[in-house]
Amino acid sequence: MELERFLILSGVLFCIGLYGALSRNNVIVVLMSIELMFNAVNITLVAFARYVVPTGVDEQLGRMLTGQVFAIFIVTVAAAEIALGLAIVIAFYRNRETVDLSEANLMSR
Amino acid sequence: MVFEDVIFWFLAVGSVAAALGVVLIKDLFRAALLLVVVFLAVAGFFVMLNAEFLAVVQVLIYAGAIAILIIFAIMLTREVHQGNLPNRLQPAAAIFPALLLVALVFVALDTEWNLLSDQPQELQDRVAIVHTNTVAGIPDAMRAPGSPDYVRGSDRSGLGELLINDFVLPFEVVSVLLLASIIGALVLVRER
């Protein structure tokens, strides 16, 4: 159960984040929910790196840490994503005076 | 083991409750502060999983930089009073994650994972050295063939060596991505 409890926990966090991203109108809440999902995925990757043995680990022990390297890349990409996302939010707010996603409807007119 | 279980359940209940708060609380500023609680709890999980470097990165980047950015954006957009309202998709948006959660739990419990604890003791011992030296890598003395505590397969065993050997291309691409996102963010928020 050592591995499974981490997988289930990260599944719960991911689904909470997914619910928030789908059901909220505020762009900032959607971005925060996406961060929750990133964190859930990171927990999964690090748990796999800790408890599961990849093939070929006999020749190269470092492969045990592949999951952690993936998590580092996810953290970096998440930082880039949140910086750009919030810049878009601020540009959007400057144009429409709101952060409500249902107001982002220029294409539907 | 009991101590570890107590810590796990403490962090698990805390992080799930805080995550629910992030999604459900109406006050945006409180939601952002609860997000910091989730980030710190996740850092705790990383420590439990022998990923100390990632735990530090988590506190620095998520709980430090990203949380500050989000709070800045909340302040700049002055929508705190309007708060966090659900849209009309809410019923469907609740059903889909619930189904996904059931599927994820089923897969996690039903799969035959190739677990470390099922491996021969000799491999477990070698991997334990890697897990306790994630940042520095295996000490030089244990890599030299012929030394008494030589560890087979020990070249490139720290996180840093893995990053600049096996993953050097994604490593370089990610640095370009960061540069592009900095320039993109500056261009987007610039006053015209």
Side-chain angles (χ1 to χ4, degrees), chain A residues 3-9 11-13 15-20 22-26 28-29 31-33 35-36 39 42-43 46-47 49-53 57-62 64-65 68-69 71-73 75-80 82-84 86-91 93 98-99 102, chain B residues 12 15-16 19-20 22-23 28 31 35 38 42 45-46 49-51 54 57 61 65-66 69-70 73-74 76-77 79 84-87 89-90 93-94 97 100-101 104-105 108-109 113-116 119 126-127 130 134 153-154 156-157 159 162-163 167 170 174 177-178 181 184-185 188-189:
Chain A
L3 171 67
E4 283 84 351
R5 65 182 185 183
F6 280 103
L7 294 185
I8 292 171
L9 171 91
V12 171
L13 282 181
C15 290
I16 293 173
L18 184 61
Y19 169 72
L22 290 179
S23 74
R24 299 290 137 169
N25 260 348
N26 192 309
I28 297 176
V29 177
L31 281 174
M32 290 199 284
S33 304
E35 290 306 311
L36 277 183
N39 270 283
N42 270 349
I43 294 177
V46 178
R50 173 69 181 78
Y51 292 117
V52 179
V53 181
V57 86
D58 250 347
E59 294 81 48
Q60 194 187 335
L61 281 179
M64 281 308 289
L65 297 179
Q68 292 194 25
V69 175
I72 291 175
F73 285 129
V75 170
T76 323
V77 173
I82 200 76
L84 267 185
L86 291 175
I88 292 172
V89 168
I90 288 171
Y93 180 77
T98 177
V99 288
S102 56
Chain B
S15 62
V16 170
L20 281 173
V22 171
V23 175
L28 271 185
L35 192 65
V38 179
V42 172
F45 288 127
F46 287 165
L49 290 167
N50 277 345
L54 264 170
V57 165
I61 296 185
I66 289 182
L69 265 182
I70 289 176
I74 291 172
L76 283 176
T77 51
E79 288 260 327
N84 175 13
L85 297 172
N87 61 18
L89 281 175
Q90 199 180 16
L100 180 68
L101 180 60
L104 284 176
V105 171
L109 294 178
W113 303 109
N114 187 18
L115 285 178
L116 181 63
Q119 304 297 316
R126 287 197 283 144
V127 166
V130 177
T134 43
S154 64
R156 307 189 212 165
S157 296
L159 215 45
L162 209 58
L163 263 182
F167 292 95
V174 130
L177 172 82
L178 274 179
S181 79
L188 274 172
V189 296

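So you know, we letter chains A, B, ... as the sequences are listed, proteins then strands, and number each from 1.
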**Message:** Counting heavy-atom pairs closer than 4.5 Å to chain B, which one of A:Ile88, A:Leu86, A:Val89 comes out on top?
**Reply:** A:Leu86

**Asked** B:Ala65 versus chain A, heavy atoms under 4.5 Å apart: side chain, backbone, both or neither?
**Response** neither

**Request:** Identify which part of B:Leu115 has an atom lying under 4.5 Å from any heavy atom of chain A, answering side chain, backbone, both or neither.
**Result:** both

**Request:** Report the option among B:Ile70, B:Leu104, B:Val57 that has the most heavy-atom pairs separated by less than 4.5 Å from atoms of chain A.
**Result:** B:Ile70

**Message:** Is A:Ile72 in contact with chain B via its backbone, its side chain, both, or neither, using a 4.5 Å heavy-atom distance?
**Reply:** both

**Prompt:** Taking all atoms of both residues into account, what is the closest heavy-atom pair of A:Ala83 and B:Ala185, and its distance?
**Reply:** O-CB, 4.1 Å

**Request:** Using the side chain to side chain contact (heavy atoms under 4.5 Å, CB included) rule, take A:Ile16 and B:Val22 through it: C-alpha gap first, then chi angles, then the decisive distance, then the call.
**Result:** CA-CA 9 Å; A:Ile16 293 173; B:Val22 171; over 6 Å; no

**Prompt:** A:Val69, A:Leu31, A:Leu3, A:Leu13: which one forms the most heavy-atom pairs within less than 4.5 Å of chain B?
**Reply:** A:Val69

**Request:** Determine whether A:Ile43 and B:Val42 make a side-chain contact, defined as any pair of heavy atoms from C-beta on separated by less than 4.5 Å.
**Result:** yes

**Item:** Residue pair B:Leu20, A:Tyr19: steps toward the side chain to side chain contact (heavy atoms under 4.5 Å, CB included) verdict
**Value:** CA-CA 10 Å; B:Leu20 281 173; A:Tyr19 169 72; over 6 Å; no

**Heavy-atom contact with chain A under 4.5 Å, split by part of B:Val16** = both

**Asked** With side chains defined as the heavy atoms from C-beta onward, is the minimum distance between A:Asn42 and B:Phe46 less than 4.5 Å?
**Response** yes

**Message:** So which atom in A:Leu18 and which in B:Leu100 form the shortest heavy-atom distance, rounded to 0.1 Å?
**Reply:** CD2-CD2, 3.7 Å

**Complete:** The interface call for B:Ile61 against chain A, heavy-atom contacts under 4.5 Å, is side chain

**Complete:** Applying a strict 4.5 Å limit to non-hydrogen atoms, the region of A:Leu9 in contact with chain B is side chain

**Fill in**
Counting heavy-atom pairs under 4.5 Å with chain A, the top scorer among B:Val105, B:Leu159, B:Val38 is B:Leu159

**Message:** Within this structure, what is the CG-CD distance for the pair B:Leu35 and A:Glu35, rounded to the nearest 0.5 Å?
**Reply:** 7.0 Å

**Complete:** When every non-hydrogen atom of B:Asn50 is compared with those of A:Gln68, the smallest separation belongs to O-NE2, 3.7 Å

**Request:** Verify side chain to side chain contact (heavy atoms under 4.5 Å, CB included) between B:Val23 and A:Leu36, making sure each step is shown before the conclusion.
**Result:** CA-CA 10 Å; B:Val23 175; A:Leu36 277 183; 4.2 Å; yes

**Fill in**
d(B:Leu76 CG, A:Tyr93 OH) to nearest 0.5 Å is 9.0 Å

**Asked** Going from CE on A:Met32 to CD1 on B:Ile74, what distance comes out if it is rounded to the nearest 0.5 angstrom?
**Response** 5.0 Å

**Prompt:** Closest heavy-atom contact between B:Ala51 and A:Val46?
**Reply:** CB-CG1, 3.6 Å

**Asked** Considering only heavy atoms, which portion of A:Thr76 lies under 4.5 Å from any heavy atom of chain B: side chain, backbone, both, or neither?
**Response** both

**Asked** B:Leu188 and A:Ile90: side chain to side chain contact (heavy atoms under 4.5 Å, CB included), yes or no, with the steps?
**Response** CA-CA 8 Å; B:Leu188 274 172; A:Ile90 288 171; over 6 Å; no

**Prompt:** Checking B:Leu54 against chain A: side chain, backbone, both or neither under 4.5 Å from a heavy atom?
**Reply:** side chain

**Request:** Starting at CE of A:Met64, measure out to CG of B:Leu162 and round the result to the nearest 0.5 Å.
**Result:** 12.0 Å

**Complete:** Turns out that what part of A:Ile28 lies under 4.5 Å from chain B's heavy atoms comes down to side chain

**chain A contact via B:Leu116 - side chain, backbone, both or neither, heavy atoms under 4.5 Å** = both

